[in-house]
Each structure stands twice: as structure tokens, then as C-alpha cells.
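Remarks on the structure that follows.
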Amino acid sequence: QVQLVESGGGLVQAGGSLRLSCAASGRTLRNSAMGWFRQAPGKERDFVATISWRGGDTDYADSVKGRFTISRDNAKNTMYLVMNSLSPEDTAVYYCASGAARPTRTRSSYIYWGQGTQVTVSS
């Protein structure tokens, strides 16, 4: 079993930045891609970003491209999401996911999920 714990969420003003972390523990999934998703109230859980095991392959939702950066440190079993130029539209619960065979936008390709961390951007 793999446990994922997100941290780093909070309240920030529009234009500000946050860095989310996702710490993995339990059984190590070598060669596993990871991803970030987000869910706003009353909406579906949407893809944000994904990264390959070695970090060389990334993909971003169009809405965050150029503002968000995904990375990972396998030695620390941790994935990150640096979010810049935040806007109220970025307000959501952010979830990390793991267990995909390759970087993908498809939610069902991920096996393990964290509990989520709230990000609120005020205008």
C-alpha cells in the first residue's frame, strides 16, 4: 500500500504563489508516474499536471501552463507543485496521485490518491 499526504495549501491573494508537496510512504512504486488534480466545489476533479518517474516528461493543463511547475525528488519520495500568478479560478482542493504507468491526464490511470489540500485564492 502507498500513502500520499499533501501539504502546503492555504489562503493566498491573487497574484501570489504557493508550493504544494506530496509525500509518499509505504510500498515504493518504482517507475510510477505521479500527478496533481484539483476539484472546485460542485465541479469534477480535473487534471492539473503530471510527471514521469525520472521527471523528464511533464504535461500541464492549458489553464496552468506557464504558471505551475511540477517536479519530484525520488530520494525524498516527494512530489511538488509550484504555483505562481494564482487567480481565484485556481481555488480548489488539490490532490496528488500515484501509480500510473506513464504520465497521463486520465484520472482512472492513477491507483493511489492523497486526501487533498485546500488552496484558496482571494481577489
### Query
Can you get from Y80 to V119 by hopping between Ile, Leu, Val, Met, Phe, Trp and Tyr side chains that sit under 4.5 Å apart?
no

### Message
Minimum heavy-atom separation for A24 and L4, please, with both atom names.
### Response
CB-CD2, 3.6 Å

### Query
Rounded to the nearest 0.5 Å, how far apart are SG of C96 and CZ of R72?
11.0 Å

### Task
Mind listing the closest non-hydrogen atom pair of T91 and A40 along with its distance?
O-CB, 3.8 Å

### Query
Which atoms form the tightest heavy-atom contact between Y110 and A33, and what is the distance?
CE2-O, 4.1 Å

### Message
Pairing donors with acceptors under 3.5 angstrom, does anything connect the side chains of T78 and S21?
### Response
no

### Query
What salt bridge (charged side-chain N to carboxylate O under 4.0 Å, His left out) pairs are there with at least one residue in residues 33-43, not counting sequence neighbours?
R38-D90

### Task
Output the distance between atom CG (L81) and atom CE (M34), rounded to the nearest 0.5 Å.
11.5 Å

### Message
Does R107 qualify as a cation-pi partner of F37, given the criterion of NZ or CZ under 6.0 Å from the six-membered ring centre and within 45 degrees of its axis?
### Response
no

### Message
Would you say that T104 contacts F47 through its side chain, given a criterion of any heavy-atom pair below 4.5 Å between the two side chains?
### Response
no

### Task
Ignoring hydrogens and angles, tell me if any N or O in the side chain of S32 forms a donor-acceptor pair with the backbone of G99 under 3.5 Å.
yes

### Task
Verify, without hydrogens or angle tests, whether E6 (side chain) and C22 (backbone) share a donor-acceptor contact under 3.5 angstrom.
no

### Query
Quick one: side chain to side chain donor-acceptor pair (under 3.5 Å) partners of T58, sequence neighbours excluded?
none

### Query
Considering only heavy atoms from C-beta outward, does the side chain of D57 approach that of P103 to under 4.5 Å?
yes

### Summary
In short, N84 meets S17 closest at the heavy-atom pair OD1-OG, 2.8 Å

### Message
Would you call the rings of F68 and Y94 parallel, tilted or perpendicular, taking 30° and 60° as the class edges?
### Response
tilted

### Query
Is V48 reachable from Y60 through a run of hydrophobic residues whose side-chain heavy atoms are each under 4.5 Å from the next?
yes

### For V12 against L18, the heavy-atom pair lying closest together
CG1-CD1, 4.1 Å

### Task
Write down the atom of N31, the atom of W53, and the distance for their closest heavy-atom approach.
N-CD2, 3.3 Å

